[in-house]
Amino acid sequence: RWLCGKQICLFYVFCGVLFGICSLSTLTLLSTVCCLKIYFSAYGKLMFKKEHGQILTTRAWTYAAVFACSPLAHRGEYGVETHGTAWCIDWHSTSINTKAASYTIVLFAFCFVLPRGVIVNSYSLILVTVKESRKAVEQH
């Protein structure tokens, strides 16, 4: 069973969701920047400054904070996992609570499908560029 009180549980799950989504958002932004620098050569010539990195990092943290804070604002729910040893997003409340169901759908779309699509697309475009460069080098 979970040994700590409810407040510690909420902090635990909040940190897990916040850091997890922030990590995925950062990886998505990195893949996008790499794609812009490699595939879109016009953008690749532009200098990526420290300020750009700070803006992107701030946006990643803000994006993650919105999704992590939503259950605290009762737009979703955090609850005990099936075995009762940890807390996570309450997936079972989606069948009972419409707000929890909408939160789960939005979380799935914007924190899994969208980042995954951007990452796959970015690295696919990078792979196309590498293949084209390889062909150009072989011709010379």
Side-chain angles (χ1 to χ4, degrees):
R1 70 180 175 86
W2 184 258
L3 299 175
C4 302
K6 185 177 180 178
Q7 296 303 321
I8 300 296
C9 296
L10 288 175
F11 180 72
Y12 169 82
V13 69
F14 172 79
C15 288
V17 172
L18 178 70
F19 297 141
I21 294 173
C22 187
S23 176
L24 184 61
S25 301
T26 304
L27 289 172
T28 305
L29 290 171
L30 284 172
S31 71
T32 305
V33 169
C34 288
C35 183
L36 287 174
K37 298 294 272 180
I38 293 171
Y39 185 77
F40 299 101
S41 58
Y43 293 110
K45 292 179 179 35
L46 296 175
M47 184 62 108
F48 188 79
K49 298 179 182 174
K50 181 180 178 180
E51 293 81 23
H52 296 126
Q54 290 172 339
I55 290 169
L56 291 177
T57 303
T58 303
R59 289 189 180 182
W61 279 99
T62 304
Y63 189 79
V66 166
F67 287 101
C69 289
S70 292
L72 299 177
H74 305 292
R75 289 188 173 80
E77 291 185 27
Y78 290 141
V80 180
E81 285 185 347
T82 307
H83 300 292
T85 57
W87 277 48
C88 69
I89 296 168
D90 191 359
W91 307 110
H92 300 290
S93 66
T94 57
S95 59
I96 301 166
N97 187 347
T98 3
K99 285 184 181 180
S102 65
Y103 172 72
T104 303
I105 291 168
V106 169
L107 186 71
F108 178 73
F110 289 97
C111 296
F112 177 71
V113 175
L114 180 67
R116 183 183 170 274
V118 169
I119 290 170
V120 167
N121 188 43
S122 295
Y123 285 116
S124 296
L125 292 175
I126 290 170
L127 185 62
V128 165
T129 304
V130 169
K131 280 185 160 184
E132 289 174 358
S133 297
R134 182 178 170 200
K135 284 181 185 178
V137 167
E138 286 176 355
Q139 288 178 354
H140 291 296

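As a basis for the values below, the full set of heavy atoms in this structure was taken, side chains included, without hydrogen atoms, waters or symmetry mates.
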### Task
Carefully, step by step, assess Phe19 and Phe14 under the rule side chain to side chain contact (heavy atoms under 4.5 Å, CB included).
CA-CA 8 Å; Phe19 297 141; Phe14 172 79; over 6 Å; no
### Query
After noting the C-alpha distance and the side-chain angles of Asp90 and Tyr78, does the key distance pass the side chain to side chain contact (heavy atoms under 4.5 Å, CB included) rule?
CA-CA 5 Å; Asp90 191 359; Tyr78 290 141; 6.0 Å; no
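Side-chain contact check for Leu107 versus Phe112: every heavy-atom pair is 4.5 Å or farther apart. In this structure the side chain of Ser122 reaches within 4.5 angstrom of the side chain of Val118, judged on heavy atoms. Between Val66 and Ile21, every side-chain heavy-atom pair lies at or beyond the 4.5 Å cut-off.
In terms of heavy atoms, Pro71 sits closest to Glu77 at CB-N, 3.9 Å. Residues Val120 and Ser124 share a closest heavy-atom pair of O-OG, 2.7 Å. Taking each heavy atom of Cys22 and Ala64 in turn, the nearest pair found is N-CB, 3.5 Å.
Under the 3.5 Å distance criterion, the side-chain polar atoms of Tyr39 are left unmatched by any main-chain donor or acceptor of Cys34. Between the Thr32 side chain and the Thr28 main chain, a donor and an acceptor come within less than 3.5 Å of each other. Between the side chain of Ser23 and the backbone N or O of Gly20, no donor-acceptor pair lies under 3.5 Å.
Under a hydrophobic-cluster definition in which Ile, Leu, Val, Met, Phe, Trp and Tyr are linked whenever side-chain heavy atoms come within less than 4.5 Å, directly or via other members, Leu72 and Phe110 are assigned to the same cluster. No continuous path of ILVMFWY side-chain contacts below 4.5 Å connects Leu125 to Leu30, so the two sit in separate hydrophobic clusters. In the hydrophobic cluster analysis, where Ile, Leu, Val, Met, Phe, Trp and Tyr join through side-chain heavy atoms closer than 4.5 angstrom, Leu114 is grouped together with Val17. Using a 4.5 Å cut-off between side-chain heavy atoms of Ile, Leu, Val, Met, Phe, Trp and Tyr, with links allowed through other members, Leu24 and Ile105 fall into different hydrophobic clusters.
Atoms CD and CG, on Glu132 and Leu127 in that order, are 10.0 Å from each other to the nearest 0.5 Å. Here Asn97 contributes atom CG and His74 contributes atom NE2; the two are 11.0 Å apart, rounded to the nearest 0.5 Å. Separation of atoms OG1 (Thr104) and NZ (Lys99) is listed at 14.0 Å; rounding is to 0.5 Å.
Under the rule for a side chain to side chain contact (heavy atoms under 4.5 Å, CB included), the partners of Val130 that lie at least two apart in sequence or sit in another chain are Ile126.
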Side-chain donor-acceptor pairs of residues 49-60 under 3.5 Å, sequence neighbours excluded:
unit_1 : atom_1 : unit_2 : atom_2 : d
His52  : ND1    : Lys49  : N      : 2.9
Thr57  : OG1    : Gly53  : O      : 2.7
Thr58  : OG1    : Gln54  : O      : 2.8

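Ring-plane geometry between Phe67 and Tyr103 is classed as tilted, the angle between the planes lying from 30 to 60 degrees on a 0 to 90 degree scale.
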